[in-house]
Structure formats: structure tokens, C-alpha cells
A.B. asks: 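Quick one: the structure is below, and I'll ask about it shortly.
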Amino acid sequence: MCQTTFMAKNLTKRSDDYSKWYNELVVKADLAENSGVRGCMVIKPYGFAIWEKMQAGLDKMFKETGHENAYFPLFIPKSYLSKEASHVEGFAKECAVVTHYRLKNSEDGKGIVVDPDAKLEEELIVRPTSETIIWDTYRKWIQSYRDLPLLINQWANVVRWEMRTRLFLRTAEFLWQEGHTAHATEDEAIAEAKQMMNVYAEFSEEHMAVPVIKGTKTETERFAGALETYCIEALMQDGKALQAGTSHFLGQNFAKAFDVKFATKEGNKEYVWATSWGVSTRLMGALIMTHSDDNGLVLPPKLAPIQVVIVPIYKGLEQLQMISDKINPLVAALREKGISVKYDDRDTQKPGFKFNEYELKGVPVRIAVGQRDLDNGTYEVARRDTLEKEVVPATEIVSKVEFLMEDIQRTIYQKAVEYRSAHITEVQTYDEFKSILEEKGGFISAHWDGSNETEERIKNETKATIRCIPIDAKLEEGRCMVSGKPSSRRVLFAKAY
RNA sequence: CGGGAUGUAGCGCAGUCCGGUAGCGCACUCGGCUGGGGGUCGAGUGGUCGCAGGUUCAAAUCCUGUCAUCCCGACCA
């Protein structure tokens, strides 16, 4: 195989300004752009195609674990939100509120204004999450242990009025799924919450090729209204952590707030046990930042809208026709294998332009065909992850592409695992902690005394937070790096998105 | 909500200090030569300079007000 040097893309290098690189990449790869509405993005067809593949993969896994989809309203009466105390406290500061239902022409005739006569009796909140409206509904759905468990998911948009937004990573409106389940016992609800964390981890690693660490959140980082929050945490190439998904054990908090009781076999009335779990378009951010490079996006084959692009190289339309005659059966053969192929025979762009464009868009495999290949019975095959090019006999092309689909998926995952392994650092002292945080970044594994005060102090002094208490952390006697108090296991710190 | 900045062509910017014909790069349109890594030459299209007032013979430029956006902080999937 050979590796060629490329003309520099019009893309900021990661090493120059990681944040700028990300912002430019999202726009230049045609994934999304800012809209006329502050903090809200337009997801463009190419970006949305990736999201649709994520949805399809996740939805299948949800259904395999017994969940059904439903849909609940966008608007939530204000009074619902206040029924669960810690929940309202967590979300009140970032809610969009509907106060009126009508507009009218303004006095000067130049525009429209809110009609003051059309004030709502009770304001409506645009959902920041749907626990309240869903639990208000569940009260009607659940009477008996026979109605349980109730396993529902919804695909929806939600709004959280964020101060500072970034495409995919934090937008005022975002797309997500939220699962809301009800169970007869505490153990069953906890098992559900853990199961969904595992589903998320599996999806992230198998489909997105993004390795994650499973764990639980500390009390202060927990979801508003949850007794336990399970999470998956990924590490980005700039050494910052990204919370990729959360699954919450809600105890009986919402059942009590919305009076959802069921009759047990013995005929007693008991409150049901709840979970909720979600992942959002933020996963797009994780996907982009984990794999991509200075040449653009790098997509895992399993989520790439276009897995193989074929670029003809020709002089004159007559030659293009000869190439097309050769390529059409190949396209059919690849599609037969379930591979999504694009044959880009646009005469309006040059091959070099196309090469760059598809690299920017992260298409995993590119096949180039010119007269030379027709003469030799070959194709030039380039893989996006390593940028290696290889000349492959026509007879082997289909199996070569099938191999690359597997190999690229595996290779980028492995690369991400290696990066993460190299960026988990164990420290003993707070000084060591601070210097690693500043100079190297990544996850820092350290002893912590378990107190909110210490956690808060570290956050204030270093901006690092406890990302999670890893599920598989081994028990290890130690002393908190800050207070010196005893600790029984290490937790993971990082600066986070 | 505190601190800083910016609004000029689809995008990115210069011009503003010191008032006097609206500019540049990319993109776009047409044509020629090209075609194995963002080709090239030529000819074009496109802007009431964020908005509203004011000063002046004359305002992108000076003054007043206003709106919007971005960046840095406190909050967050």
C-alpha cells in the first residue's frame, strides 16, 4: 500500500485550535449549521442521515429489550413541572414558556404583536424532558401489577434554554430519545436502569466505535429527581470527557409526585418504581470528535450514509460511458451485499475535488476508476481511516470492500481505545492531579473521600468534575488526594463538555 | 445577568481614525483549454454598508438612540 501526501484542506488543524476545528468540520462536512434562531441548529441531510442510522440501531436494541415507542406532548402545563421538587429545581432555569396563543396586527400596521387578550390561563412549558407529562399519564395506565412493567420509549425534541451553545454538543433544541419505565419492584427498576446503560455502551462501542466507561454519577452530578444515575463517558481527542448517555433509577419519586399506585397480588396499594434513560444528538458530537482528523470526518462504516463512493476519472463523455458500463454492475454487486454505494459521475466537478469532498465527509471507502484501470482490470481503493491507497484486481473488489467495512470499523475503534488507555492516569496527590490535568488531560483516576465539599472544591479550583464512579472499579484502600480521608476505590475525574 | 467585541455581496473580510464614484478573496453565471488529488485563462452577475434619527453641499465613515450576533465568565444531555 502507498500513502500519499495531500493538499492541505481548508480546515483548521486540531493541534492549532481543537474547538475551531470541530466547528468548521461540522459545517464543512455538511452535517449541520446554525439557524436564524439563537442556539438552534439546522441538521442538514448528510448529518441527519447519520442520525437516522443511529436511531435505527438504537430503536432496534430498545425493541429487542422489550420496549415500545409512543409519543407525548411537546407542551407541559407549568403546574406539572413543580410536582417533583428536585426536578423543577434542576430545570426551571432553562425552560421556554408559552404564555399566549394568538398574535394580531400591530397598531402601526407594520408588524404583528402578541395579543394581550390571548393570555393562557396556565402557562405551558416546552418540555426540557418528559418525566412529568409521562407520569401524569401513567397514573391512568397503571392500576395493577398486571400492568407492569410498563416499558415505553419516545423519540422527540426537547428544549433547554442554554446560555452557550455548540452544534450537536449543546443546542437549545435537540433531538433525543427518552425511555420511561414503571416497575413493581425496586430491584427490577434498578436492573432496567443498568440494562439500558449497557445497551447504550454496546451501541456506542459496536456501532459508533466509540469506547466508553460505564459508571454511576456522584450525588451532585445526578439527574434532577433521580436516586442513581448510570452513565457512559467517552474521551475526546482534546482530552476532555463527554457524557454520551445516562440512565436513571428514579425510585418512587415520580410515582409519589403523580400518585401512581398499583395493586399488588396481595391486594395492597404500592407506589411503582421508575427509570428514565436518554441519548441525544450529542452522540453526533461524540462520533465526530472521536474519529475525525485534519482532513475531515472519519465515519465508522456502520453509521456512514455512504459506505463506498466510486469516482470515475475520464477525458470526454465517451470515456465516461465506458467507465459507467463497467461500474454499473459493480454498484449492483455491492448493493447486493447490503453496502451503500454512490457512483459520483457528476461531470461538473473534477476528480480531485471529489476526492477531497468525500474525505471531508468521511466516506469510509473510495474507489477510483480511469482508463488505466480499464486497461489493467483493476480499481484504485482508498480507505478513509488510514488514507492508504491500493490497486485491487477487479475480480477481488467486492470481497475487498466487504473486508474494509469490517476492518475500518475495527481499526478506528481500536485506535480510540488505545488513545483512551493512554489518557487514563492514576494519581496519588492533588498536585500530581493538577499537573496531569493541565499538561496531559484525559481521565484522571484518583481517591476521593465521597463528600460533596471535596468534589465542589476540586471543581472550583481545577474545573475538573467527577465523570463517574466506574462500575468495574476494583476495591482499593486509599486516601482522598485532597482531604486525606480514607477511600475505598478510585473515581474518574476529567474536564468535560 | 456581568466583562469584551462585531454588524459592509451568498460566505470571509478591507475601507471608518482623517466625510467626497462601493472594494478584495472565495462562491456563483457564460465561454475556451483541461481532466489519476480542491485545474486554468477570459468575460460577467450580485450590496439602500444592521435599523431609526441627527450634523453636513455631501455620511459606510461623525453624533445620538436602538436591535442583533459572537467571544469570555456563572448553568447544562
Side-chain angles (χ1 to χ4, degrees), chain A residues 2-11 17 19-20 23-24 27-28 33-39 89-95 110 127-129 156-166 168-178 200 217 220-224 226 229 231-234 241-248 276-286 295-296 311-317 319-320 323 346-360 366-376 378-380 382 387 389 391 459-460 463 465 496-497:
Chain A
C2 69
Q3 193 152 3
T4 326
T5 50
F6 300 87
M7 194 171 291
K9 299 280 195 296
N10 302 322
L11 185 64
D17 187 339
S19 181
K20 197 172 172 191
N23 291 335
E24 285 183 9
V27 172
K28 292 189 173 179
E33 62 190 26
N34 280 306
S35 70
V37 187
R38 197 200 74 92
E89 195 180 325
F91 289 105
K93 284 171 286 183
E94 50 186 33
C95 285
K110 285 180 181 168
R127 62 184 166 211
T129 179
N157 58 340
V158 288
V159 169
R160 297 180 189 176
W161 214 260
E162 300 289 351
M163 295 299 180
R164 292 200 54 217
T165 59
R166 290 187 73 190
F168 290 119
L169 295 175
R170 181 171 302 111
T171 45
E173 178 194 16
F174 56 94
L175 305 184
W176 77 345
Q177 59 69 217
E178 47 181 327
Y200 287 153
K217 287 289 183 189
T220 54
E221 295 278 329
R222 213 172 271 159
F223 177 75
T229 289
C231 64
I232 55 171
E233 292 283 328
L242 183 81
Q243 178 175 304
T246 48
S247 178
H248 315 289
S276 71
W277 29 275
V279 294
S280 70
T281 34
R282 185 181 235 201
L283 287 182
M284 292 285 290
N295 290 301
V311 178
I313 298 159
Y314 57 92
K315 294 177 195 175
L317 293 176
Q319 233 181 55
L320 173 61
I323 292 170
R346 283 178 299 173
D347 190 44
T348 52
Q349 310 292 347
K350 300 302 187 56
F353 180 91
K354 294 177 185 174
F355 290 176
N356 278 283
E357 184 180 22
Y358 293 111
E359 261 157 33
L360 194 55
R366 182 186 74 232
I367 299 175
V369 208
Q371 186 62 45
R372 193 197 301 163
D373 298 291
L374 293 186
D375 295 342
N376 299 339
T378 57
Y379 294 105
E380 182 194 84
L387 297 171
K389 290 201 270 196
V391 174
K459 185 178 177 181
N460 290 337
K463 301 236 166 94
T465 50
Y497 274 96

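Every value quoted in this text rests on a predicted model; they were computed, and no experiment measured them. Any value given below was found using the heavy atoms of this structure, including those in side chains, with hydrogens, waters and symmetry copies removed. So you know, we letter chains A, B, ... as the sequences are listed, proteins then strands, and number each from 1.
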A.B. asks: Sugar-phosphate means primed atoms, P, OP1 and OP2; the rest is base. With that split, encode nucleotides 27-36 of chain B 5' to 3' as B, S or - using protein heavy atoms under 4.0 Å.
C.D. replies: -------BBB
A.B. asks: In plain terms, say whether A:Arg372 and A:Glu380 are close enough for a salt bridge, that is, a side-chain N and a carboxylate O under 4.0 Å apart.
C.D. replies: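 Salt bridge flag = no for A:Glu380 with A:Arg372.
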A.B. asks: Could you tell me whether A:Glu357 and A:Lys28 make a salt bridge, using a distance below 4.0 angstrom between a side-chain N and a carboxylate O?
C.D. replies: no
A.B. asks: Applying a 3.5 Å limit to both distances, which nucleotide forms a Watson-Crick or G-U wobble pair with B:U64?
C.D. replies: B:A52
A.B. asks: What is the distance, to the nearest angstrom, from the CG atom on A:Asn295 to the C1' atom on B:G38?
C.D. replies: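 Interatomic distance, CG of A:Asn295 to C1' of B:G38: 12 Å.
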A.B. asks: Would you measure the distance from the C1' atom in B:U16 across to the matching atom in B:U61 and give it in whole Å?
C.D. replies: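 The answer is 4 Å between these two C1' atoms.
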A.B. asks: Do A:Arg160 and A:Thr171 meet the criterion of a side-chain donor-acceptor pair at a distance under 3.5 Å?
C.D. replies: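 Absent: no donor and acceptor within the cut-off.
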A.B. asks: Using the P atoms only, state how far B:G31 lies from B:A52, rounded to an integer number of Å.
C.D. replies: 41 Å
A.B. asks: What is the base-pairing partner of B:G19, counting Watson-Crick and G-U wobble geometry with both distances under 3.5 Å?
C.D. replies: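 WC or wobble partner does not exist here.
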A.B. asks: Identify, with sequence neighbours excluded, every residue that meets side-chain contact (heavy atoms from CB on, under 4.5 Å) alongside A:Arg170.
C.D. replies: A:Glu162, A:Arg282
A.B. asks: Using atom C1' in both nucleotides, what's the gap between B:G23 and B:U69 to the nearest angstrom?
C.D. replies: 24 Å
A.B. asks: Rounded to the nearest 0.5 Å, what's the gap from CG on A:Leu169 to CG on A:Leu283? Could you check?
C.D. replies: 11.0 Å
A.B. asks: If the C1' atom of B:C57 is compared with that of B:G19, how far apart are they to the nearest Å?
C.D. replies: 12 Å
A.B. asks: Considering every strand shown, what is the Watson-Crick or G-U wobble mate of B:C1 when both distances are under 3.5 Å?
C.D. replies: B:G73
A.B. asks: Measuring only the C1' atom in each nucleotide, how far is B:A14 from B:C26? A whole number of Å is fine.
C.D. replies: 15 Å
A.B. asks: In whole angstrom, give me the gap between the P atoms of B:C24 and B:A43.
C.D. replies: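 Pairwise P distance, B:C24 against B:A43, rounds to 13 Å.
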A.B. asks: For the atom pair CG (A:Asp347) and CG (A:Leu320), what is the distance rounded to the nearest 0.5 Å?
C.D. replies: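 A:Asp347 atom CG to A:Leu320 atom CG measures 7.0 Å (nearest 0.5 Å).
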A.B. asks: For each nucleotide in nucleotides 71-77 of chain B, reading 5' to 3', give B when a protein heavy atom comes within less than 4.0 Å of its base, S when such contact involves only the sugar-phosphate, and - otherwise.
C.D. replies: -SSBBBB
A.B. asks: With a 3.5 angstrom cut-off on both distances, give the Watson-Crick or G-U wobble partner of B:C33, or none if there isn't one.
C.D. replies: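 Looking at the geometry, B:C33 pairs with B:G39.
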A.B. asks: Roughly, in whole Å, what's the span from CG in A:Asn34 to C1' in B:A68?
C.D. replies: 14 Å
A.B. asks: If I take atom CH2 in residue A:Trp161 and atom P in nucleotide B:C1, what distance separates them, rounded to the nearest angstrom?
C.D. replies: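 It works out to 14 Å between those atoms.
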A.B. asks: State whether a side-chain donor-acceptor pair under 3.5 Å links A:Thr229 with A:His248.
C.D. replies: yes
A.B. asks: If you measure from OG1 on A:Thr129 to CH2 on A:Trp176, what distance do you get to the nearest 0.5 Å?
C.D. replies: 3.5 Å
A.B. asks: Measuring from atom NZ of A:Lys217 to atom OG1 of A:Thr246, what distance do you get when rounded to the nearest 0.5 angstrom?
C.D. replies: 8.5 Å
A.B. asks: In whole angstrom, give me the gap between the P atoms of B:U40 and B:C63.
C.D. replies: 44 Å
A.B. asks: Would you measure the distance from the C1' atom in B:G46 across to the matching atom in B:G2 and give it in whole Å?
C.D. replies: 42 Å
A.B. asks: So what's B:C11 paired with, Watson-Crick or G-U wobble, going by both distances under 3.5 Å?
C.D. replies: B:G25
A.B. asks: Look up atom NZ in A:Lys20 and atom CD in A:Glu24, then write down how far apart they are to the nearest 0.5 Å.
C.D. replies: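 Reported to 0.5 Å precision, the distance equals 5.5 Å.
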